[in-house]
Trainee: 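Handing you a structure now.
Bear in mind that the values here come from a model prediction, so they are computed numbers and not experimental data.
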Amino acid sequence: MYQTVSTFDVNKIRNEFPILQQVVNGKPLTYLDNAATSQKPRDVLEVLSRYYQEDNANVHRGIHELSRRATVAYESARERVAEWLGASDRAEIVWTRGTTEAINLVAATWGMDQLTEGDEVLLTIMEHHSNIVPWQLVAKRTGAKLRYIELDAEGKLILDDLDQLLTDRTKLVAMTHVSNALGTVNPVQRVIEAAHAKGALVLLDGAQAVPHMNVDVSALGADFYAFSSHKMCGPTGAGVLWGRKEILEEMSPYQGGGEMIGFVGRDESTWADLPHKFEAGTPNIAGAVGAAAAVDFMEKVGYDGIQEHEAGLLRYALDRMGELKDLTVYGPKTLGERSGVISFALGDAHPHDIATILDSEGVAIRAGHHCAQLVMKHLGVAATTRASFSMYNTTDDVDRLFEGLRVVQGIFGR
Ligand code: C6P
């Protein structure tokens, strides 16, 4: 739909993000908390504003012009995401509130329908809590067991014993494509092939993948893929569950209410066709429209340019930060095995103190367990400090992070 901008011009891209042009605590803002949520470009803000100013109405309901327009906008957004993600059918795209809700949907429907006592769900200890807790809830109710793929010292999955971890009772492997806490890019293809060979399905958490790499679900061959729009330049409150049509067809509805029904009787009801069976109630129409605008924007900038730029930033940041005494960077050592997330420790300075000092320097990063407490346990720490990049970050941003960390060292007397 969009022509890719052939030369990646970070200053031009940066200018598309009004929020970045501000001063915070007396310093120009350096936003390095992109793994938590990305900023939004003008294209997305304008589409959201235009939708509310010109087309807003409820969808699939009213027989009037605005409702027709809102419905077209909502369903066209689905079509756009389906095409971008390589789905074979638009009915495979279910709008959700985000990655968390997408995974909960699969756990509460497919999980509750299919798992019985003694069945196994294979996770990794790298998962965000949103890909652990829903399975714990289902395991409690069904008697299924959770097993885990462990991590090596670099924060990469140990896959040598994958064939033993996958048993005849494994019904699902649920794992992240890219780690939010370590930046590890997982060899998902290998896991998908091994899981399918054992007859297990695979759910991928793509929250930290789609902002940085081109994902084609048909080529990947997984069975479910979940992501959030807000981490890839789109609005909050909108996300997607992609699922194979034949699997989604067999699944029970998630929530009950308007929109998801075929016919309602006193004691029983029938369900709407896919994907509406999973979309009870008035959906986040503007969110879907904004998510599709974000897809347009990502493609306009071009994933090749984004990947090359972010890899360069990562290399530069790791080099610069390497100059700091007492710095420990977690995650894979090989650049090609990680995305633009740098989780680190600086001596014994507490991550929250580091984040507070950096904030006073206008540098926004995240400190904490990053909703990945099993990763923190593996690292033997309670929390890390995390800087994460997006397409609009520059080497100046990295320099400001570095200078901020020098201030931290000064304060802590190193
Ligand atoms: N990680 C972070 O700072 P939601 O909140 O549903 O949009 O996304 C949840 C989620 C699921 N999986 C992964 C790999 C994630 O990184 C996230 C969100 C943010 O790392 C907020 S905790």
Trainee: For atom CZ of Arg69, is the number of surrounding heavy atoms from other residues, nucleotides or ligands below 6.0 Å larger than 12?
Mentor: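 Yes, enclosed.
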Trainee: What do the steps show when you test Ile125 against Val375 for side chain to side chain contact (heavy atoms under 4.5 Å, CB included), and what is the final call?
Mentor: CA-CA 6 Å; Ile125 66 162; Val375 176; 5.8 Å; no
Trainee: Hey, are the side chains of Met391 and Val301 touching, using non-hydrogen atoms and a 4.5 Å cut-off?
Mentor: yes
Trainee: For the residue pair Thr109 and Ser252, confirm or rule out a side-chain donor-acceptor distance under 3.5 Å.
Mentor: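 Ser252 and Thr109 do not have a side-chain donor-acceptor pair below 3.5 Å.
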Trainee: Donor-acceptor check, side chain of Ser67 to backbone of His64, threshold 3.5 angstrom: yes or no?
Mentor: no
Trainee: Before giving the answer on side chain to side chain contact (heavy atoms under 4.5 Å, CB included), spell out for His369 and His129 the whole-Å C-alpha distance, their side-chain angles and the decisive distance to 0.1 Å.
Mentor: CA-CA 10 Å; His369 55 59; His129 297 164; 3.9 Å; yes
Trainee: Quick one: does Val329's side chain get under 4.5 Å of Ile342's, heavy atoms only?
Mentor: yes
Trainee: Under a 3.5 Å distance rule, please check whether Asp119 uses its side chain to pair with a backbone N or O of Ala144 as donor and acceptor.
Mentor: no
Trainee: Does Phe227 form a ring pair (Phe, Tyr, Trp, His ring centres under 6.0 Å) with Trp84? I'd like the steps, not just the answer.
Mentor: CA-CA 13 Å; Phe227 67 90; Trp84 164 76; 5.5 Å; yes
Trainee: Would you check if the side chain of Thr334 reaches a backbone N or O of Gly336 as a donor-acceptor pair within less than 3.5 Å?
Mentor: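 Here the side-chain-to-backbone pair does not exist.
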Trainee: Identify whether the distance between the nearest side-chain nitrogen and carboxylate oxygen of Arg61 and Glu259 falls below 4.0 Å.
Mentor: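 Yes, charged N to carboxylate O under 4.0 Å.
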Trainee: Knowing that exactly one of Thr395, Thr394, Asp399 qualifies, which makes a side chain to side chain donor-acceptor pair (under 3.5 Å) with Tyr316?
Mentor: Asp399
Trainee: Side-chain donor-acceptor pair under 3.5 Å between Thr37 and His230, yes or no?
Mentor: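 Short answer, yes.
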Trainee: Within a radius of less than 6.0 Å around CG of Asp113, do more than 12 heavy atoms belonging to other residues, nucleotides or ligands occur?
Mentor: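 Counting neighbours around CG of Asp113, more than 12 heavy atoms of other residues, nucleotides or ligands fall under 6.0 Å, so yes.
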Trainee: Return each pair, listed once, that meets salt bridge (Lys or Arg N to Asp or Glu O under 4.0 Å) where at least one residue sits in residues 180-192; pairs must be two or more places apart or across chains.
Mentor: none
Trainee: When the ring planes of Tyr392 and Tyr31 are compared, do they come out parallel, tilted or perpendicular, using 30° and 60° as the limits?
Mentor: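 It falls in the tilted class, 30° to 60°.
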Trainee: Cut-off 3.5 Å, side chains only: do Tyr225 and His177 have a donor facing an acceptor?
Mentor: yes
Trainee: Should the pair Glu154-Lys333 be classified as a salt bridge under the 4.0 Å nitrogen-to-oxygen rule?
Mentor: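 The answer is no: the pair does not qualify as a salt bridge.
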Trainee: Grab the two heavy atoms, one from Ala372 and one from Asn180, that are nearest each other, plus how far apart they are.
Mentor: CB-OD1, 4.3 Å
Trainee: Hydrogens and angles aside, do Gln307 and His212 bring a side-chain donor and acceptor to less than 3.5 Å of each other?
Mentor: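 Looking only at side-chain atoms, His212 and Gln307 do not form any donor-acceptor pair under 3.5 Å.
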Trainee: For the pair Arg244 and Glu92, find out whether any cationic side-chain nitrogen is under 4.0 Å from an anionic carboxylate oxygen.
Mentor: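 A salt bridge is absent here (no side-chain N lies under 4.0 Å from a carboxylate O).
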Trainee: Is the Phe17 ring parallel, tilted or perpendicular to the Phe297 ring (thresholds 30°, 60°)?
Mentor: perpendicular
Trainee: Determine whether more than 12 heavy atoms belonging to other residues, nucleotides or ligands lie under 6.0 Å from atom CD of Glu65.
Mentor: yes
Trainee: When you check the side-chain N and O atoms of Thr124 and Glu127, is any donor under 3.5 Å from an acceptor?
Mentor: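 There is such a pair (donor and acceptor under 3.5 Å, judged by atom type) between the side chains of Thr124 and Glu127.
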Trainee: Taking atom CG of Asp161 as the centre, does the number of heavy atoms from other residues, nucleotides or ligands within less than 6.0 Å exceed 12?
Mentor: yes
Trainee: Using 4.0 Å as the upper bound for N to carboxylate O, is an ion pair formed by Lys145 and Glu120?
Mentor: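 The answer is no: the pair does not qualify as a salt bridge.
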Trainee: Regarding Thr384 and Ser343, do their side chains bring together a donor and an acceptor under 3.5 Å, going by distance alone?
Mentor: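 Per modelled atom types, Thr384 and Ser343 side chains form a pair under 3.5 Å.
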Trainee: Quick one: sort the Phe224 and Trp110 rings into parallel, tilted or perpendicular, breaks at 30° and 60°.
Mentor: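 Ring orientation of Phe224 relative to Trp110: perpendicular.
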Trainee: So, Glu249 and Lys277, do they make that salt bridge, N to O below 4.0 Å?
Mentor: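 Looking at Lys277 together with Glu249, the answer is no, because their closest N to O distance does not fall below 4.0 Å.
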Trainee: Measuring from Thr142:OG1 to Lys171:NZ, what's the distance to the nearest 0.5 Å?
Mentor: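 Going from OG1 on Thr142 over to NZ on Lys171, the span is 10.5 Å.
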Trainee: Is any side-chain N of the basic residue among Asp396 and Arg14 closer than 4.0 Å to the acidic one's carboxylate O?
Mentor: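 Judged by the 4.0 Å cut-off on N to carboxylate O distance, Asp396 and Arg14 do not form a salt bridge.
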Trainee: Is there a donor in the side chain of Ser360 and an acceptor in the side chain of Asn25, or the other way round, less than 3.5 Å apart?
Mentor: no
Trainee: For Ser228 and Thr99: C-alpha separation, side-chain torsions, deciding distance, then whether side-chain hydrogen bond (donor to acceptor under 3.5 Å, both in side chains) applies.
Mentor: CA-CA 5 Å; Ser228 304; Thr99 311; 2.5 Å; yes
Trainee: Kindly say whether Ile19 contributes a backbone atom to a donor-acceptor pair with the side chain of Gln22 at under 3.5 angstrom?
Mentor: yes
Trainee: What pairs of residues pass the salt bridge (Lys or Arg N to Asp or Glu O under 4.0 Å) test when at least one of them lies in residues 15-36, not counting sequence neighbours?
Mentor: Lys27-Glu361, Asp33-Arg386
Trainee: Is it true that Arg338 and Thr184 share a donor-acceptor pair across their side chains at a distance under 3.5 Å?
Mentor: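 No.
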Trainee: Looking only at the side chains, is there a donor atom on one of His309 and Asn393 sitting less than 3.5 Å from an acceptor on the other?
Mentor: no
Trainee: Would you compute the distance between atom CG of Leu201 and atom CD1 of Ile247 and round it to the nearest 0.5 angstrom?
Mentor: 4.5 Å
Trainee: Does Ser130 offer a backbone N or O that forms a donor-acceptor pair with the side chain of Thr100 under 3.5 Å?
Mentor: no
Trainee: For ring pair (Phe, Tyr, Trp, His ring centres under 6.0 Å), just list the numbers for His128 and His370, CA-CA rounded to whole Å, side-chain angles, deciding distance to a tenth of an Å, and then say yes or no.
Mentor: CA-CA 8 Å; His128 185 279; His370 316 295; 9.9 Å; no
Trainee: Answer yes if the side chains of Glu150 and His378 hold a donor-acceptor pair under 3.5 Å, and no otherwise.
Mentor: no
Trainee: Rounded to the nearest 0.5 Å, what separates atom CD in Gln39 from atom CG in Asn34?
Mentor: 7.0 Å
Trainee: Between Arg80 and Glu83, is the closest basic N to carboxylate O distance under 4.0 Å?
Mentor: yes
Trainee: Answer with yes or no whether the side chains of Tyr74 and Glu279 bring together a donor and an acceptor at under 3.5 Å.
Mentor: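 The answer is yes; a qualifying pair exists.
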Trainee: So with a 6.0 Å cut-off around CD of Gln189, is the heavy-atom count from everything else above 12?
Mentor: yes
Trainee: Sequence neighbours excluded and cut-off under 3.5 Å, please list the side-chain donor-acceptor pairs for residues 132-140, or say none.
Mentor:
from   : atom 1 : to     : atom 2 : distance (Å)
Trp135 : NE1    : Asn131 : OD1    : 3.0

Trainee: Any salt bridge between Asp55 and Arg50, counting N to O under 4.0 Å?
Mentor: no
Trainee: With no hydrogens and no angle check, do the side chains of Asp353 and Thr356 hold a donor and an acceptor under 3.5 Å apart?
Mentor: no
Trainee: Flag the pair Lys198 and Glu193 as a salt bridge only when some basic side-chain nitrogen lies within less than 4.0 angstrom of an acidic carboxylate oxygen.
Mentor: no
